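Working notes, structure below.
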Amino acid sequence: MSVHVEGWPPELIPEFLCDDAGYFLKAGRLLERGHSEWQSYEVWDTPRFGRLFRLDGCFMTSERDEFYYHENLIHVPGLAHAGLRRALVIGGGDGGSAEELLKYPSIDKVVIAELDAKVIDISRRHLQAVNHGALDDPRVDIRIGDGMKYVLEDAPAAGDRYDIVVLDLTDPVGPAEALYSEAFFRACRELLTPGGALSLHIGTPVFQPERVRLLIERLRAVFACVRPYFLYIPLYGSLWGLACASDTLDPLSLSEEEVERVIATRGISRLQHLNGAVYRAQFALPNHLRALLA
């Protein structure tokens, strides 16, 4: 969707969460706009969120609120894991997930399988406050190409296995749609080491309830332990869902005190959102979400 909706004031940027609802931001200054081989992109400097990145008319990340999403996507499974060494990020070209993974002293390698080289280019030039140079860390291996091909062909052929697979993707439409299928979840499961986990976002239960329900259903068909959790993400304009899926790892096995101890002993610093109390609280589901995900 173009940023310029017919009849919409040009100084406002709309974000549609479904066909009949959304919100807007004051535009500020347009830094860059164009079309890659795969999608349209925009980079804005906004009064509320600072530098903000959009793909196909959807807000992806911003320098002032990225931590809500990236900290939860990575550290909910990461803190429950015995010791992350190898990680695979499908998508994640802004480098935010890689930056959080590199906070673990045990990490040896992070592979980023990003479809669009333009996203990497934009992130290096405009989103340093999101990735803090993670895209150029020697432990990070960037593979430009189809994430589906990497999971189905390249990684198995090389015998690669990962302690965590992170689906840091756009919404399940267009090029990303197949990466939310049950078949792809099964392929990701095959790449996990014992005790490994899959992490992903599942959308907003307020505006996309059937999408959230369906994705949890698909994950439960593949993994023995599926833990959805929810938080408000300012840039996304709503309560938002993420999920950790594994055959053996259960983030709810950690108490509030254990989360705090793991953060301290592993020396994970600069967390702006997560602490022991928040970690546990995000799994507490109100009745309407219990009913949706039953």
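All of these numbers come straight from a predicted model, not from anything done at the bench.
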Open item on the list: With a 4.0 Å cut-off on N to O distance, would you call Arg139 and Asp137 a salt bridge?
Closed with: yes
Task: His75: ring pair (Phe, Tyr, Trp, His ring centres under 6.0 Å) partners, not counting sequence neighbours - done: Tyr104
Task: Pair Asp250-Ser253, side-chain donor/acceptor within less than 3.5 Å - done: no
- [ ] Kindly assign one of parallel, tilted or perpendicular to the pair Tyr23 and Phe59, based on the angle between their ring planes and the thresholds 30° and 60°.
- [x] perpendicular
Open item on the list: Ring-plane angle category for Tyr236 and His201, please: parallel below 30°, perpendicular beyond 60°, tilted otherwise.
Closed with: tilted
- [ ] For Thr248, enumerate each residue passing the side chain to side chain contact (heavy atoms under 4.5 Å, CB included) test, keeping only those at least two apart in sequence or located in another chain.
- [x] Ser246
Side-chain donor/acceptor pairs under 3.5 Å, residues 168-176, sequence neighbours excluded:
residue: Asp168; atom: OD1; partner: Tyr69; partner atom: OH; Å: 2.8
residue: Asp168; atom: OD2; partner: Ser97; partner atom: OG; Å: 2.8

Open item on the list: Any donor-acceptor pair under 3.5 Å linking the side-chain atoms of Glu32 with those of His126?
Closed with: yes
- [ ] With rounding to the nearest 0.5 Å, note down the distance linking CD1 in Ile202 to OH in Tyr229.
- [x] 9.0 Å
Open item on the list: If hydrophobic residues (ILVMFWY) are linked whenever their side-chain heavy atoms come closer than 4.5 Å, directly or via other members, who joins Trp38 in its cluster?
Closed with: Leu115
- [ ] Would you please name every residue forming a side chain to side chain contact (heavy atoms under 4.5 Å, CB included) with Lys26, sequence neighbours left out?
- [x] Pro47
Open item on the list: If the threshold is 4.0 Å, N to carboxylate O, is there a salt bridge linking Arg186 and Glu182?
Closed with: yes
Task: Residue pair Gln128 / Arg125: nearest heavy atoms and the distance that separates them - done: NE2-O, 3.0 Å
Task: side chain to side chain contact (heavy atoms under 4.5 Å, CB included) assessment of Arg86 paired with Arg161 - done: CA-CA 8 Å; Arg86 293 173 56 87; Arg161 295 293 182 269; 5.9 Å; no
TODO: Measure across Gly237 and Leu17 and return the closest heavy-atom pair with its distance rounded to 0.1 Å.
DONE: O-CD1, 3.8 Å
Open item on the list: Rounded at 0.5 Å granularity, tell me how far CG in Asp160 sits from CG in Asp154.
Closed with: 9.0 Å
Open item on the list: Please report the interatomic distance CD1(Ile142) to CD1(Ile120), rounded to the nearest 0.5 Å.
Closed with: 4.5 Å
TODO: Report yes or no: do Leu215 and Phe230 belong to one cluster of Ile/Leu/Val/Met/Phe/Trp/Tyr joined by side chain heavy-atom distances under 4.5 Å?
DONE: yes
Open item on the list: Strictly distance-based, threshold 3.5 Å: is any side-chain N or O of Asn131 a donor or acceptor partner for the main-chain N or O of Leu127?
Closed with: yes
Task: Leu249: hydrophobic cluster co-members (side-chain, 4.5 Å) - done: none
Quiz: residues 282-294 side-chain donor-acceptor pairs under 3.5 angstrom, not counting sequence neighbours:
residue: Gln282; atom: OE1; partner: His273; partner atom: NE2; Å: 2.8
residue: Gln282; atom: NE2; partner: Asn72; partner atom: OD1; Å: 2.5
residue: Arg290; atom: NE; partner: Leu285; partner atom: O; Å: 3.3

Task: Side chain Ser199, main chain Ile74, donor-acceptor under 3.5 Å - done: no
- [ ] Can you measure from CZ (Phe53) to CG (Leu31) and round to the nearest 0.5 angstrom?
- [x] 12.0 Å
Task: Asp141 (side chain) donor-acceptor with Val111 (main chain) under 3.5 angstrom - done: no
- [ ] State whether the side chain of Glu66 and the backbone N or O of Thr61 hold a donor-acceptor pair below 3.5 Å, judged by distance alone.
- [x] no
Task: Side-chain donor/acceptor of Gln39 to backbone N/O of His35, under 3.5 Å - done: no
Open item on the list: Taking the cut-offs as 6.0 angstrom to the six-membered ring centre and 45 degrees off its axis, would you call Arg64 and Phe49 a cation-pi pair?
Closed with: no
TODO: Return the minimal non-hydrogen interatomic distance between Leu135 and Ser123, and the atom names on each side.
DONE: CD1-CB, 3.8 Å
Open item on the list: Do Val89 and Val130 land in one hydrophobic cluster if side-chain heavy atoms of ILVMFWY residues count as linked below 4.5 Å?
Closed with: no
- [ ] With sequence neighbours excluded, tell me which residues meet side chain to side chain donor-acceptor pair (under 3.5 Å) with Thr204.
- [x] Ser238
Task: Residues that, via side-chain heavy atoms closer than 4.5 angstrom, fall in one hydrophobic cluster with Tyr232 - done: none
Task: Under the side chain to side chain contact (heavy atoms under 4.5 Å, CB included) test, residues paired with Ala178 that sit two or more places apart - done: Met148
Open item on the list: Working to the nearest 0.5 angstrom, can you tell me the gap between Leu30 CG and Thr46 OG1?
Closed with: 12.0 Å
Task: Shared hydrophobic cluster, Tyr180 / Val151 (ILVMFWY, side-chain heavy atoms < 4.5 Å) - done: yes
Open item on the list: Which residues pass the side chain to side chain contact (heavy atoms under 4.5 Å, CB included) test with Arg280, not counting sequence neighbours?
Closed with: Leu252, Glu256
Open item on the list: Tell me the closest heavy-atom pair linking Ser62 and Leu235, and the distance in Å.
Closed with: N-CD2, 3.6 Å
Open item on the list: Check Arg85 with Asp108, please: is the shortest side-chain N to carboxylate O separation under 4.0 Å?
Closed with: yes
- [ ] State yes or no: do Val259 and Leu274 share one hydrophobic cluster built from I, L, V, M, F, W and Y residues joined by side-chain heavy-atom distances below 4.5 Å, directly or via other members?
- [x] yes
Open item on the list: Tell me every residue that passes side chain to side chain donor-acceptor pair (under 3.5 Å) with Arg48, counting only those two or more places apart in sequence or in another chain.
Closed with: none
Open item on the list: Counting neighbours of CG on Asp136 that are heavy atoms of other residues, nucleotides or ligands and sit closer than 6.0 Å, is the number greater than 12?
Closed with: yes
TODO: Return yes if some donor-acceptor pair links the side-chain N/O of Arg220 with the main-chain N/O of Val226 below 3.5 Å, else return no.
DONE: no
TODO: Might you work through the side chain to side chain contact (heavy atoms under 4.5 Å, CB included) test for Val140 and Leu102, ending with a clear yes or no?
DONE: CA-CA 9 Å; Val140 174; Leu102 293 175; 4.0 Å; yes
Open item on the list: Would you compute the distance between atom CD of Glu210 and atom SG of Cys18 and round it to the nearest 0.5 angstrom?
Closed with: 13.0 Å
